[in-house]
2 protein chains.
Amino acid sequence: MSAKYQKIYQSLLDQIESKNIKAGEYLPSENELMKQYDASRDTIRKSLNLLLQNGYIQKVVGKGSVVLDADRIAFPVSGITSFKELKQTMSGDVKTIVHELQKFPADEKMKKELYMESGDVYKIVRIRTINNEKVILDTDYLNGNVVDGITEEIANDSLYDYIEQDLGLKISFSKKEITVIPATKEEKKLLDMLDYDLLVCVKSYSYLEDATLFEYTESKHRPDKFRFVDFARRMK
Amino acid sequence: MSAKYQKIYQSLLDQIESKNIKAGEYLPSENELMKQYDASRDTIRKSLNLLLQNGYIQKVVGKGSVVLDADRIAFPVSGITSFKELKQTMSGDVKTIVHELQKFPADEKMKKELYMESGDVYKIVRIRTINNEKVILDTDYLNGNVVDGITEEIANDSLYDYIEQDLGLKISFSKKEITVIPATKEEKKLLDMLDYDLLVCVKSYSYLEDATLFEYTESKHRPDKFRFVDFARRMK
DNA sequence: GAGTGGTCTAGACCACTTT
DNA sequence: AAGTGGTCTAGACCACTCG
């Protein structure tokens with residue numbers, strides 16, 4: 001986070017989020033920003049590109065960079081938000097129950113899902129409660145060759161913090177798939193399902209900076225507690 | 001699409017998609033690509049950035065750009081795919097039934113959703129069938145000050161083609177929200193709901209290049225026919 | 001005509017990986 | 001030591017919007 005363009009991005013973002021520059025207003029021109037931040041045009045443009053990609057501004061040729069209305073749909077779910085990070089944007093009292101934690105030699109399914117040839121796999125099953133209702137069931141499978149030393153405390157706190165801060169690995173990107181599936185008896189027993197028979201299933205593959213696949217997750221949400229927000233630019 | 005970096009992007013993408021360069025292999029280095037395409041490093045890097053953002057490659061410092069496994073999760077839903085575009089990636093026989101098409105002065109709800117002060121709004125209700133099953137209910141509201149002249153044929157074919165090709169407007173970005181909602185009696189009547197009581201609701205706000213909001217859509221999917229795929233890079 | 005963003009170029013230094 | 005990507009700079013021309 002020491003790069004100049006990232007600092008400028010953060011500085012501009014702060015001004016947008018604090019409503020110092022309001023939705024509908026224009027940012028200073030690239031020329032202006034060059035002077036303000038004592039940076040080259042290219043550096044400024046890198047900063048603006050980050051704002052652009054994350055849906056904070058829209059550039060209009062001949063006019064400038066307009067600030068968009070980020071409140072319209074609040075923006076909790078961008079990037080690879082882990083549950084702990086997500087939690088901070090959620091209302092209500094959120095807790096984690098570690099239901100299962102084991103380490104075992106990778107079976108066929110895991111070798112396939114995690115592209116492993118040998119070694120151990122961690123399986124972690126966690127139940128997430130919101131206001132004391134059990135509404136999310138997370139099952140993680142981790143490549144034990146990449147990540148090791150997972151304990152119940154870690155699983156109870158934050159896996160991502162452990163991987164990034166303690167192991168010093170860098171989580172880089174993920175692929176997610178969202179579908180709706182019937183709840184099994186087992187799942188109905190573990191969660192407070194009310195009258196629902198379906199679960200929203202988010203399958204997720206997470207990768208490190210060097211493109212190593214280290215985690216496969218199935219996150220099953222009670223339908224009424226599920227919400228996903230997306231910002232997308234058109235690519236033609 | 002005439003920019004040099006976009007052409008290089010497309011060229012590299014073709015090679016990746018045709019398996020000319022396979023997953024796990026490295027692209028030529030930036031230096032190599034500069035020579036191959038007779039371009040500056042900056043231009044090459046712009047092309048690679050597009051591949052990066054769309055999940056086709058991962059850059060590893062000191063090594064190069066690895067091609068990722070795009071097949072792992074197929075990638076139908078990136079950008080603002082309209083239904084017609086989506087259709088092409090779907091299996092099965094897909095049809096559209098225009099159920100309602102009207103134009104009326106914006107009421108309070110529409111003024112709020114579309115940020116209008118006055119003028120007309122189009123309301124279009126369409127039912128999408130897959131293999132003759134009615135599984136998706138799309139309701140579009142369009143700002144009549146921006147988009148005009150919509151007929152049943154257009155609604156039946158492709159709204160986006162009309163807006164982009166006939167009206168010459170440029171669709172630029174959208175915000176989407178995915179939730180699950182109970183199906184109303186009306187919706188149950190319009191769709192083939194089998195035993196399902198829930199619908200996946202995708203609310204979408206679509207904007208033009210100059211940041212004008214021109215469309216608000218509610219797309220309701222029968223749960224078993226819904227699938228959403230997402231690629232995300234971590235922003236810390 | 002002045003100002004805006006969009007694109008492209010050429011050159012430089014750094015931290016990192018590999019041999 | 002050589003090669004890689006990450007960052008930063010300076011200068012140029014274009015198409016576009018606005019007054």
Side-chain angles (χ1 to χ4, degrees), chain A residues 1-12 21 24-53 56-68 168-170 172-173 208-212 233-236, chain B residues 1-12 21 24-53 56-68 168-170 172-173 208-212 233-236:
Chain A
M1 187 25 200
S2 54
K4 195 170 180 178
Y5 75 94
Q6 286 176 322
K7 283 179 188 154
I8 298 173
Y9 165 72
Q10 195 55 56
S11 165
L12 292 171
I21 308 175
E25 292 180 2
Y26 284 82
L27 291 185
S29 73
E30 295 182 354
N31 235 309
E32 258 312 306
L33 292 170
M34 282 170 68
K35 291 173 201 157
Q36 279 186 30
Y37 289 101
D38 187 33
S40 71
R41 178 137 177 250
D42 213 56
T43 301
I44 295 295
R45 284 177 64 76
K46 270 192 206 162
S47 310
L48 293 182
N49 262 329
L50 284 180
L51 292 172
L52 196 68
Q53 285 165 32
Y56 292 106
I57 64 170
Q58 173 70 0
K59 289 180 160 200
V60 186
V61 280
K63 298 178 80 172
S65 305
V66 207
V67 174
L68 297 178
L169 300 173
K170 288 183 184 165
S172 177
F173 63 97
L208 299 177
E209 211 172 35
D210 65 354
T212 311
R233 294 200 169 267
R234 186 159 178 84
M235 280 285 299
K236 268 231 133 169
Chain B
M1 186 28 197
S2 55
K4 195 169 180 177
Y5 76 94
Q6 286 176 323
K7 284 180 189 154
I8 298 173
Y9 166 72
Q10 195 55 55
S11 164
L12 292 170
I21 308 175
E25 293 180 2
Y26 283 81
L27 290 185
S29 74
E30 295 181 354
N31 236 307
E32 259 311 307
L33 291 171
M34 282 169 68
K35 292 174 201 157
Q36 278 185 31
Y37 289 100
D38 187 33
S40 71
R41 178 139 179 249
D42 214 55
T43 302
I44 295 296
R45 283 176 65 76
K46 269 192 206 161
S47 311
L48 293 182
N49 262 329
L50 284 181
L51 292 172
L52 197 67
Q53 284 167 30
Y56 292 105
I57 64 170
Q58 173 70 0
K59 290 180 160 202
V60 186
V61 279
K63 297 179 79 173
S65 305
V66 208
V67 174
L68 297 178
L169 300 173
K170 287 182 184 165
S172 178
F173 63 96
L208 299 177
E209 212 172 37
D210 66 352
T212 312
R233 296 201 167 267
R234 188 157 176 84
M235 280 286 300
K236 269 230 130 167

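Atoms considered below: every heavy atom in the structure, side chains included; atoms not considered: hydrogens, waters and symmetry mates. Note that the structure is a prediction, hence the values are computed from the model and not measured.
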ask   = What distance do B:S47 atom OG and B:K7 atom NZ have between them, rounded to the nearest 0.5 Å?
value = 11.5 Å
key: B:Y37 and B:S11: CA distance, side-chain angles, deciding distance, side chain to side chain donor-acceptor pair (under 3.5 Å) verdict   = CA-CA 10 Å; B:Y37 289 100; B:S11 164; 2.5 Å; yes
query = Given C:dT4, is OP1 or OP2 found less than 4.0 Å from the side-chain N or O atoms of A:S29?
reply = yes
Residues in side chain to side chain donor-acceptor pair (under 3.5 Å) contact with B:N31, at least two apart in sequence or another chain = none
Taking only N/O atoms, report every protein-nucleotides 16-19 of chain D pair under 3.5 Å with atom names and distance.
unit_1, atom_1, unit_2, atom_2, d
D:dC18, OP1, A:K63, NZ, 3.2

inquiry  = Can you measure A:M34 atom CE to C:dT4 atom C1' for me and round it to whole angstrom units?
reply    = 13 Å
request  = List the steps and the verdict of side chain to side chain contact (heavy atoms under 4.5 Å, CB included) for A:V66 and A:E25.
outcome  = CA-CA 6 Å; A:V66 207; A:E25 292 180 2; over 6 Å; no
Please produce a list of atom pairs where a protein N or O lies less than 3.5 Å from an N or O of nucleotides 7-14 of chain D.
unit_1, atom_1, unit_2, atom_2, d
D:dT7, OP1, A:Y5, OH, 3.2
D:dT7, OP2, A:Y5, OH, 3.2
D:dT7, O4, B:R41, NH1, 3.3
D:dC8, OP1, A:K4, N, 2.4
D:dC8, OP2, A:Y5, N, 3.4
D:dT9, OP1, A:K4, NZ, 2.5
D:dT9, OP2, A:S40, N, 2.8
D:dT9, OP2, A:S40, OG, 3.1
D:dT9, OP2, A:T43, OG1, 2.8
D:dA12, N6, A:R41, NH1, 3.3

message = Tell me if a side-chain donor or acceptor on A:S65 pairs with a main-chain N or O of A:K59 at a distance below 3.5 Å.
response = no
key: A:R234 side chain vs B:K170 backbone, donor-acceptor pair below 3.5 Å   = no
request  = Take the protein atom CG of A:L27 and the nucleotide atom P of C:dT4, then report the distance between them rounded to whole Å.
outcome  = 13 Å
ask   = Does any non-hydrogen side-chain atom of B:L169 lie less than 4.5 Å from one of B:T212?
value = no
ask   = How close or far is atom C1' of D:dA15 from atom CD of B:E209, stated in whole angstroms?
value = 12 Å
ask   = To the nearest Å, how far apart are A:L52 CG and C:dG6 C1'?
value = 12 Å
request  = For the pair B:R45 (side chain) and B:E30 (backbone), establish whether a donor and an acceptor sit closer than 3.5 Å, ignoring hydrogens and angles.
outcome  = no
ask   = In whole Å, what is the span from the CG atom of A:D210 to the C1' atom of C:dC16?
value = 13 Å
ask   = To the nearest angstrom, how far is B:K59 atom NZ from C:dA15 atom P?
value = 19 Å
